[in-house]
Amino acid sequence: MITLNNISRSFIGEDIETVAIDEMNLSIKKGDFLSILGPSGCGKSTLLNVLGMLDTIDEGEFNFLGNEVSQCSEHQRSELRKNHIGFIFQSFNLIDELTVEQNIELPLYYHQVPKAERKHLVDKVLERVDIAHRRKHLPAKLSGGQQQRVAIARAIVTNPAVILADEPTGNLDSKNSNQVMELLQELNQEGATIIMVTHAPEHINYGTRVLELLDGKVVADKNVEQNVEQTVAEVNYA
């Protein structure tokens, strides 16, 4: 589904070059639930931005669903993003002036889905994330856990091939964090490919693989079922 071959990404600021991704190789299969861990500055967010085609690479090859992304135009990358990727952010990124159902409907509007079908899909996903009773509320009237469920509903309403989650529980308490992780696990078990950046080693138990980064390089790539206890013991991230 996704293949990265010797990709690199650097940033230059105040005459200092920072290497965020250093000749990285990675293969992600359909149905993976990949948790990405590592200390601050190790390249986690940059990698997620590259995978979401929000950032470009300096060197290497990035193949996404048979498309060589490094050779695509900005319009082509935008179409791949729109048609195949759902995003979940730590800060929810809901539009304050729109109701719950309007926030969820927005991606369907951009996909030019007919109004009647939009309503059906929104109704379905509202029930899926158990937030239908708040459909007319504005985000400010919701708890953090409810806002994140709305954000997840918005990410999955178009049935994307890949869900990218950037610290999806970072602003939540433990109860809501567990509920969000359980929902992501259910989506993965139903066939969604999920790639999640997290600072919470305990959350890797919900996934199928854990990728550890350090200084822009992959230092470990493990199957969770085989290495959960060892991985958690080894990781100590701020």
Side-chain angles (χ1 to χ4, degrees), residues 1-2 28 30-34 48-49 51-54 64-65 67 75-172 176-198 206-207:
M1 173 175 270
I2 298 173
I28 301 171
K30 178 176 173 58
D32 274 349
F33 187 156
L34 180 65
L48 206 67
N49 286 338
L51 293 171
M53 290 171 253
L54 299 174
F64 181 88
L65 295 176
N67 299 276
H75 174 72
Q76 290 171 323
R77 290 195 297 271
S78 177
E79 288 297 302
L80 286 171
R81 213 167 34 236
K82 182 177 73 173
N83 294 323
H84 300 292
I85 300 176
F87 293 90
I88 302 170
F89 302 96
Q90 177 179 350
S91 56
F92 318 133
N93 283 15
L94 301 176
I95 299 176
D96 294 337
E97 295 79 16
L98 299 182
T99 64
V100 164
E101 62 183 358
Q102 288 170 334
N103 267 283
I104 297 171
E105 184 184 24
L106 200 58
L108 298 172
Y109 178 82
Y110 288 124
H111 278 78
Q112 299 182 331
V113 176
K115 185 175 181 179
E117 186 177 353
R118 292 203 305 268
K119 183 181 185 307
H120 169 72
L121 292 171
V122 170
D123 288 346
K124 183 178 178 180
V125 78
L126 279 167
E127 293 293 338
R128 178 70 182 80
V129 302
D130 192 26
I131 202 71
H133 59 297
R134 299 288 189 181
R135 64 187 306 145
K136 297 296 183 181
H137 286 65
L138 295 173
K141 299 297 183 179
L142 306 178
S143 68
Q146 289 171 332
Q147 289 188 61
Q148 192 60 293
R149 276 187 276 162
V150 174
I152 292 172
R154 181 186 57 191
I156 67 175
V157 71
T158 59
N159 193 30
V162 178
I163 297 172
L164 301 181
D166 189 3
E167 299 280 1
T169 64
N171 288 330
L172 304 179
N176 281 304
S177 293
N178 291 336
Q179 290 176 346
V180 165
M181 292 307 305
E182 288 168 4
L183 178 54
L184 291 176
Q185 186 179 53
E186 289 173 11
L187 291 168
N188 175 248
Q189 291 170 347
E190 292 168 5
T193 300
I194 298 177
I195 304 168
M196 177 183 70
V197 164
T198 181
Y206 291 93

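Computed over heavy atoms, backbone and side chain alike; hydrogens, waters and symmetry mates excluded. Everything quoted here is computed from the prediction, not taken from an experiment.
- Scanning for side chain to side chain contact (heavy atoms under 4.5 Å, CB included) contacts around Gln76 gives Cys72, Ser73, with sequence neighbours left out.
- By the side chain to side chain donor-acceptor pair (under 3.5 Å) test, Gln189 pairs with no residue at all, sequence neighbours left out.
- Side-chain contact between Leu51 and Val162 is absent, with no heavy-atom pair separated by less than 4.5 Å.
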The test is side-chain contact (heavy atoms from CB on, under 4.5 Å); show your working for Gln90 and Val197 and say whether it passes. CA-CA 10 Å; Gln90 177 179 350; Val197 164; over 6 Å; no

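- Closest of all the heavy-atom pairs between Phe87 and Ala155 is O-CB, 3.5 Å.
- In this structure, OH in Tyr206 is found 9.0 Å from OG in Ser177, a value given to the nearest 0.5 Å.
- Residues satisfying the salt bridge (charged side-chain N to carboxylate O under 4.0 Å, His left out) criterion with Glu97, sequence neighbours excluded, are absent altogether.
- In this structure, the side chains of Met1 and Leu65 come closer than 4.5 Å at one or more pairs of heavy atoms.
- Without hydrogens or angle criteria, Arg118 side chain to Tyr109 main chain gives no donor-acceptor distance under 3.5 Å.
- Between Arg154 and Phe92 the shortest heavy-atom distance is NH2-O, 2.8 Å.
- Applying the salt bridge (charged side-chain N to carboxylate O under 4.0 Å, His left out) test to every pair with at least one member in residues 176-189, sequence neighbours left out, gives these pairs: Arg128-Glu186.
- Atom CZ of Arg81 and atom CG of Leu54 lie 5.5 Å apart (nearest 0.5 Å).
- With sequence neighbours excluded, the residues forming a salt bridge (charged side-chain N to carboxylate O under 4.0 Å, His left out) with Glu79 are Lys82, listed by chain and number.
- Side-chain atoms of Glu127 never come within 3.5 Å of backbone atoms of Val122 as a donor-acceptor pair (strictly under, hydrogens ignored).
- Between the Glu117 side chain and the Pro114 main chain, no donor and acceptor come within less than 3.5 Å of each other.
- For the pair Val180/Ile88, no side-chain contact is recorded, criterion being any heavy-atom separation below 4.5 Å from C-beta on.
- Contact of the Leu126 side chain with the Val100 side chain is registered, since non-hydrogen atoms from C-beta on lie closer than 4.5 Å.
- Taking CD1 of Ile28 as the start and CG of Leu34 as the end, the distance is 5.0 Å to the nearest 0.5 Å.
- Checked against side chain to side chain contact (heavy atoms under 4.5 Å, CB included), Lys124 has no partners two or more places apart in sequence or in another chain.
- Two residues are said to be in side-chain contact when any heavy atoms from C-beta on lie closer than 4.5 Å; Leu80 and Ile85 fail this criterion.
- In terms of heavy-atom proximity, Ile194 sits nearest to Leu184 at CD1-O, 3.1 Å.
- In this structure, the side chains of Glu105 and Val157 stay at 4.5 Å or more apart for every pair of heavy atoms.
- Under the side chain to side chain donor-acceptor pair (under 3.5 Å) criterion, His137 pairs with Arg134, sequence neighbours left out.
- Between Gly31 and Thr193, the closest heavy-atom pair is N-OG1, 2.8 Å.
- Between Leu98 and Asn103, the closest heavy-atom pair is O-ND2, 3.1 Å.
- Between the Asp96 side chain and the Leu138 main chain, no donor and acceptor come within less than 3.5 Å of each other.
- Residue-environment remark: CD (Glu190) exceeds the threshold of 12 foreign heavy atoms within 6.0 Å.
- Remark: Lys141 pairs with no residue by the salt bridge (charged side-chain N to carboxylate O under 4.0 Å, His left out) rule, at least two apart or across chains.
- Qualifying salt bridge (charged side-chain N to carboxylate O under 4.0 Å, His left out) partners for Glu167, counting only residues two or more places apart in sequence or in other chains: none.
- Partners of Ser91 by side chain to side chain donor-acceptor pair (under 3.5 Å), not counting sequence neighbours, listed by chain and number: Asn93.
- Heavy-atom contacts from other residues, nucleotides or ligands closer than 6.0 Å to NE2 of His75 number 12 or fewer.
- Minimum interatomic distance between Gly207 and Phe33 (heavy atoms only, all atoms of both residues): CA-CG, 3.5 Å.
- For the pair Asn176 and Gln148, the minimum side-chain heavy-atom distance is 4.5 Å or more.
- Residues satisfying the side chain to side chain donor-acceptor pair (under 3.5 Å) criterion with Asp166, sequence neighbours excluded, are absent altogether.
- Side-chain contact between Thr169 and Met181 is present, with at least one heavy-atom pair separated by less than 4.5 Å.
- Legend: residues meeting side chain to side chain contact (heavy atoms under 4.5 Å, CB included) with Thr158, ordered by chain and number and at least two apart, are Pro107, Leu108, His111, Pro160.
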